[in-house]
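Worth saying up front: this structure is predicted, and the values here are computed from it rather than measured.
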Amino acid sequence: HIKYTDMVKIKTLDDLKRRQEEVKDMIDLRNRAEKPDEIIQVRVSMGTCGIASGAKKVLEYFVKELPAHGISAIVTQTECMGYCFAEPIIEVVMPEHEPTMFGFVNCEKAEEILERFIINGELVHGIIPNNGMLKII
């Protein structure tokens with residue numbers, strides 16, 4: 001329920017346009033979340049060890065940079081992925097591909113993953129194999 005006190009006060013045409021964009025963004029986010037298999041997903045491990053290792057900055061990087069590159073994606077945070085030694089960890093899910101996990105991701109590594117792996121489809125150093133091995137390749 002929306003309370004009167006929660007409503008945004010609109011006094012100018014600019015206020016109305018800003019509010020229109022906010023609502024449009026919320027609807028777009030909801031629509032994308034309803035069809036996650038059709039969109040790129042970036043999951044950032046935000047367990048205690050991930051947060052301590054800098055995962056919040058990595059999350060903020062993807063939230064800002066994916067739309068800046070014109071990439072429609074869902075960026076979410078997850079609980080610990082179980083590879084504490086390799087934090088911060090992200091998992092990238094591309095439509096019609098298996099999830100790919102990357103370890104030791106800082107903002108520079110996130111930029112490389114965005115430009116090389118997500119945009120160009122190239123493999124990037126730091127993939128954590130999804131076969132139960134606890135080894136970084």
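With rounding to the nearest 0.5 Å, the separation of CD1 in I71 from CD1 in I119 is 4.0 Å. Residue I90 holds its CD1 atom at 13.5 Å from CZ of F104, rounded to the nearest 0.5 Å. If you take OH on Y83 and CZ on F102, they are separated by 14.0 Å, rounding to the nearest 0.5 Å. Distance check, rounded to the nearest 0.5 Å: CG of L59 to NZ of K64 gives 13.5 Å. If you take CG on L16 and OG1 on T12, they are separated by 8.5 Å, rounding to the nearest 0.5 Å. I113 CD1 to C107 SG: the interatomic distance, rounded to the nearest 0.5 Å, is 11.0 Å.
No salt bridge links D14 with K17; every basic N to acidic carboxylate O contact stays at or beyond 4.0 Å.
Across S53 and P88, no two heavy atoms sit closer than the pair O-CG, 3.4 Å. Heavy-atom minimum distance, C49 versus C84: SG-SG, 3.4 Å. Across all their heavy atoms, E111 and Y61 have their closest contact at CA-OH, 3.0 Å.
Listed by chain and number, the residues in a side chain to side chain contact (heavy atoms under 4.5 Å, CB included) with N120 are E122 (sequence neighbours excluded). Under the side chain to side chain contact (heavy atoms under 4.5 Å, CB included) criterion, I51 pairs with M46, not counting sequence neighbours.
For residues 86-95, the pairs satisfying salt bridge (Lys or Arg N to Asp or Glu O under 4.0 Å) are R43-E91, with sequence neighbours left out. Applying the salt bridge (Lys or Arg N to Asp or Glu O under 4.0 Å) rule to pairs touching residues 45-63 yields K56-E60, sequence neighbours excluded. Pairs passing the side chain to side chain donor-acceptor pair (under 3.5 Å) check and including a residue from residues 100-110, sequence neighbours excluded, read N106-E108, K109-E112.
Put simply, the side chain of V42 reaches to within 4.5 Å of the side chain of I118, judged on heavy atoms. Looking only at side-chain heavy atoms (C-beta outward), I89 and V105 stay at 4.5 Å or farther from each other. Using a 4.5 Å heavy-atom threshold, the side chains of V92 and P99 count as separate.
With H69 contributing its side chain and P67 its backbone, the two residues share no donor-acceptor pair below 3.5 Å.
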Hey, can you pull the donor-acceptor pairs under 3.5 Å for the side chains in residues 73-80, sequence neighbours left out?
none

